[in-house]
Amino acid sequence: MTSAIEETELERRTNASPLPRILKNLTGSVLSIALTMIGLLAVTFIIGRVMPIDPVLAVVGDKASKEVYDAAYKAMGLDRPLLVQFLIYLKDVATGNFGVSTLTARPVAEDIARVFPATLELATIATLLGVVIGVPAGVIAAIKKGSWIDQLIRLVGLFGYSMPVFWLGLMGLLIFYGKLDWVAGPGRVDVFYDDIVPYVTGMILIDSLLAGEFDIFFNAISHIILPAFLLGYYSLAYISRMTRSFMLEQLGQEYITTARVKGLSEFTVIWKHGLRNVMVPLITVIALSYAALLEGSVLTESIFAWPGIGQYITIALFSADMAAVLGGTVVIGVVFIALNLFSDLLYKIVDPRAR
Amino acid sequence: MKHISFAKLLLASACIAAPMAFAAPLQAATPANMLVIANRIDDITSVDPAEIFEFAGSDMARNIYDKLVMFDPLHLEKGYGPGLAESWTISEDGKTFTFKMRKGIKFHSGNPVTARDAAWSLQRAVILKMTPSFILTQFGFNKDNAKEVIKAVDDETLVITTDKKYATSFVLNCLTATIGGIIDSKLAMEHEKDGDMGHDWLKTHTAGSGAFTLKVWKPNESYTLDRVDGYWRGNVAMKRVIVRHIPESATQRLLLEKGDIDVARNLSPEDMAAVAAKDGLAVDKELRGRIMYFAMNQKDPILSKPKVRTAMKYLADYDGMVNSFLKGQYAVHQAFLPRTYMGELADKPYKLDIAKAKSLLAEAGYADGFKVEMIVRNAQERVEIAQSLQNTFAKAGIKSTIQTGTGKQILGIYRARKHQIYVGAWGPDYPDPHTNADTFASNPDNRDEAKLTGKLAWRNSWDIPEMTKETKAAVQETDRDKRAAMYVKIQKEHQKTSPFAIMFQKIEPLGRRANVKNFVMGGAISAAYYWKVTK
């Protein structure tokens, strides 16, 4: 029997306003995000400084005199202690100033606003393809475990894992662009359409629709489809394998047997009950796969002349353009955090126990 | 909360994705008045002529900014001729150059091009003191005297006074370099910030009087040039030029074959051969200024021995390399001035000769060879050259290791004089022999603290007081023939004694649609010209 004091306490807890709890959670999340970002920046900053690359040479070039070199060294703030450099950088970032890229002569924020939407557009379509094809393929492979269909799906997945993206990209271009003429070539749109659509989101598919430029929209689709399929294939390989594995575990559960005994159709048992129960881990898999694509795929971007964030950060890294590297790191950090938060939200939607 | 069916989500996603599978590509072919070029343009970090110092940036600037003296793209062999300056005279002491400006020329803004703009542009390049400024400051110009020694007497007359007498060709050749681009001073100064003479604005905007104006530059992606109607040098057929950053050779080839680009600038030998064999496509080759060499640090006790240096020069398989992995990309060349430069030397005294190298090594006391490290940037052709050298060095008992790294890493070691052997390239900065003579054959102060990092002779700790004097004398010789002979003499000595094994000169191949005519890459002395191109 519950005592009066315990009852009062229980009542107090039950009736208490949820606001303090929400605020506490929110404060915790904000602190956690801030600490993660500072840690991420600190590590990237230190790696950037200990790399055996001279950032001054990237600016002044190989043939600069000592005087020119020294002036640039000072102008870049490299004569200050490392910690001071980092603190100044943090202060600037806090005010939204990511610095100016030494390679592009523009504010890093402006550069990222240009390259990230290109990657976002590509990664989103690729992930969509990966989900649309990968999830059903994984479910079918699980249902038909050991059959030729299962083997085929696994083989396709294995091929996706093992083939070098460089080779696959070039083959894709050669066949679908070079020989069959089904898709357009590298780049985001044909050159004649360059810079026609006003910048709104930076994603050419959306911006062209907003501008009512349907020719450009369809042209952009014909350009994006091949790199998106290529990246989607890698995503698909991962998602289908994980879906198969999760589904196999679920199909052996008692509630599946119960559902079948109750006379539910096989379609309902698998696609409604079974699949719903793998959604929580599957969301994590999809989110991770999406996040990986949002980091940018340097090789794919290089082959398809896709000016995305992967290429941007890589070029910046090899030229010790630390403002650009750190700016890119912040974006990727934010992407991971945002996707984590989004996944948490989705868990709560698909699984009442998580609310 | 209502549960969302996953199956419904899938169905919706499929509906979005399905139309994409049927999206037909629009037909792509470049219009007759548009030139589309694929090139690697990730070296463009600024469009300010006072700062531009890399290849792709120089190509762009060459078509936007005019200079006092300029080349005729279709007759580069003739050398410089009148540009924005229609004529010039030189004082008797050879130190004062008076330029008469061409009348009636306008900048893209509509402002007239005057001697005051020319003076301001050259003063600015000296005062801002960016990397290429040495091309002008070598005439004794500096921040303090720039406004005195470079001045406009009136709108039509510009007077430049050098600190001493130099060869006329040297001064004028330097004015053809990118840094000699004449800027619209009124427009630039409208954007001045904190006394930067418009630098911040000019890093991403242009203010020239050339055949094209910069419409847009998207770093690492593309730049677009638009024709300026009524260009004073003649008709410009291309209304627009688009240069796209396409790093991969195979991608460039596919685009060229499909007609989506007109010119491919970075084709590999294999792709170049395929393009040459295809109807409707053509291949051009130009001898460029880049020299490929390996250099031996004279701080190293073994490499500083003259016989070891000579032996090493006999241990490079020059012909083997140009006939295999460098085929069509490089020609054997063994002097520090590129072919087509005044004073060029065509002699090739070295070839792979293991027996001779062994004998020289034995005479130097290294009959069993020695161990050495080569540093090289991780670019395919350079690494392959280093590997070939490693192989041929081994035949004489020299055990070499190769350290690769990014350009910046390797250059950091090289500039700090911490290498043993460096394998790399050097490109001239302006179309005068002094550009390479000054770096390969001049070292006025060999001490570490001198930090003459711009000079290759210093980087390799090669102390050459006599050759430095000869190089200085050559740059002041006003008689053209005598001057050329002086460079030939210096190079012959250099071939024999220097720690530099100069191996190759770059041949730049270019793939183009057959209907594209008059595309000039700039040879060894200049950059690309687009205004003469027709289709």
Side-chain angles (χ1 to χ4, degrees), chain A residues 52-54 57-58 60-69 71 102-106 111 114 125 128-129 131-132 135-136 170 173-174 177-178 181-187 190-192 194-195 215 218-219 221-222 225 271-272 275-276 279 302-303 305 307 311-312 315 318-320 349-350, chain B residues 1 3-7 10 13-14 16-17 19-21 23-26 28 30-31 34 36 42 45-46 53-54 129-134 203-204 215-216 218-222 224 242 244-248 250-251 254-255 257-258 260 405-409 411-412 415 429 451-454:
Chain A
I53 299 179
D54 188 339
L57 277 183
V60 298
D62 172 29
K63 297 179 180 179
S65 65
K66 184 179 179 298
E67 211 178 344
V68 171
Y69 181 96
T102 54
L103 280 180
T104 67
R106 288 153 208 246
D111 280 346
R114 183 171 54 85
I125 294 177
L128 206 59
L129 290 170
V131 171
V132 167
V135 172
L170 283 177
L173 266 179
L174 182 67
Y177 164 63
D181 216 7
W182 286 2
V183 297
D190 285 354
V191 286
F192 352 103
D194 254 347
D195 308 314
D215 279 359
F218 285 111
N219 185 263
I221 284 182
S222 73
I225 201 156
W271 293 97
K272 193 168 177 187
L275 191 57
R276 181 178 296 162
M279 276 179 73
S302 180
I303 296 163
Q311 222 181 135
Y312 177 73
I315 293 173
F318 282 122
S319 305
I349 294 172
V350 300
Chain B
M1 184 180 282
H3 287 203
I4 296 169
S5 156
F6 198 67
L10 284 182
S13 305
I16 296 166
M20 295 181 185
L26 299 177
T30 65
M34 185 191 280
V36 184
D42 52 354
T45 57
S46 167
F53 206 50
E54 304 297 340
K129 213 162 192 178
M130 319 223 60
T131 302
S133 62
F134 72 91
K203 275 170 88 84
T204 51
K215 180 171 183 271
V216 62
K218 291 184 267 187
N220 303 328
E221 189 179 337
S222 67
T224 302
I242 298 173
R244 293 177 62 192
H245 178 60
I246 313 274
E248 295 305 323
T251 309
L254 263 177
L255 285 164
E257 286 176 353
K258 294 288 289 178
D260 283 341
T406 65
K408 303 291 183 281
Q409 287 172 321
L411 283 173
R415 288 167 65 99
D429 303 316
K451 290 203 179 296
L452 301 179
T453 51

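Lettering of chains follows the sequences in order, A, B, ..., and the numbering in each one begins at 1. For clarity, every value in this text was computed on a predicted model and none was experimentally measured. Every heavy atom of this structure was used, including side-chain atoms; hydrogens, water molecules and symmetry mates were not.
Across every non-hydrogen atom of B/Thr204 and A/Ala105, the tightest pair is CG2-O, 3.9 Å. The two residues B/Arg244 and A/Gly187 come nearest to each other via the heavy atoms NH2-CA, 3.1 Å. A pairwise comparison of heavy atoms in A/Tyr177 and B/Leu255 identifies OH-CD2, 3.4 Å as the closest pair. Nearest heavy-atom pair, A/Gly185 versus B/Asp260, reported as atom, atom and distance to 0.1 Å: N-OD2, 4.5 Å. The minimum heavy-atom distance between A/Arg114 and B/Pro219, with the atom names listed, is NH1-O, 3.3 Å.
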#### Entry: Full working for side chain to side chain contact (heavy atoms under 4.5 Å, CB included) between A/Gln311 and B/Asp42
CA-CA 11 Å; A/Gln311 222 181 135; B/Asp42 52 354; over 6 Å; no
### Message
One pair to check against side chain to side chain contact (heavy atoms under 4.5 Å, CB included): B/Glu248 and A/Leu170. What are the steps and the verdict?
### Response
CA-CA 10 Å; B/Glu248 295 305 323; A/Leu170 283 177; 5.6 Å; no
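Residue B/Lys215 places its NZ atom among more than 12 non-hydrogen atoms of other residues, nucleotides or ligands, all under 6.0 Å distant.
For the atom pair OG1 (B/Thr45) and CG (A/Leu103), the distance works out to 7.0 Å, reported to the nearest 0.5 Å.
Interface residue B/Leu254: backbone and side-chain heavy atoms are both found under 4.5 Å from chain A.
Using a cutoff of 4.0 Å between basic side-chain nitrogens and carboxylate oxygens, A/Asp195 and B/Lys218 are scored as salt-bridged.
Put simply, the side chain of B/Lys451 does not reach to within 4.5 Å of the side chain of A/Tyr69, judged on heavy atoms.
Taking A/Asp194, A/Leu174, A/Ile315 one by one and counting their heavy-atom pairs under 4.5 Å with chain B, the maximum is reached by A/Ile315.
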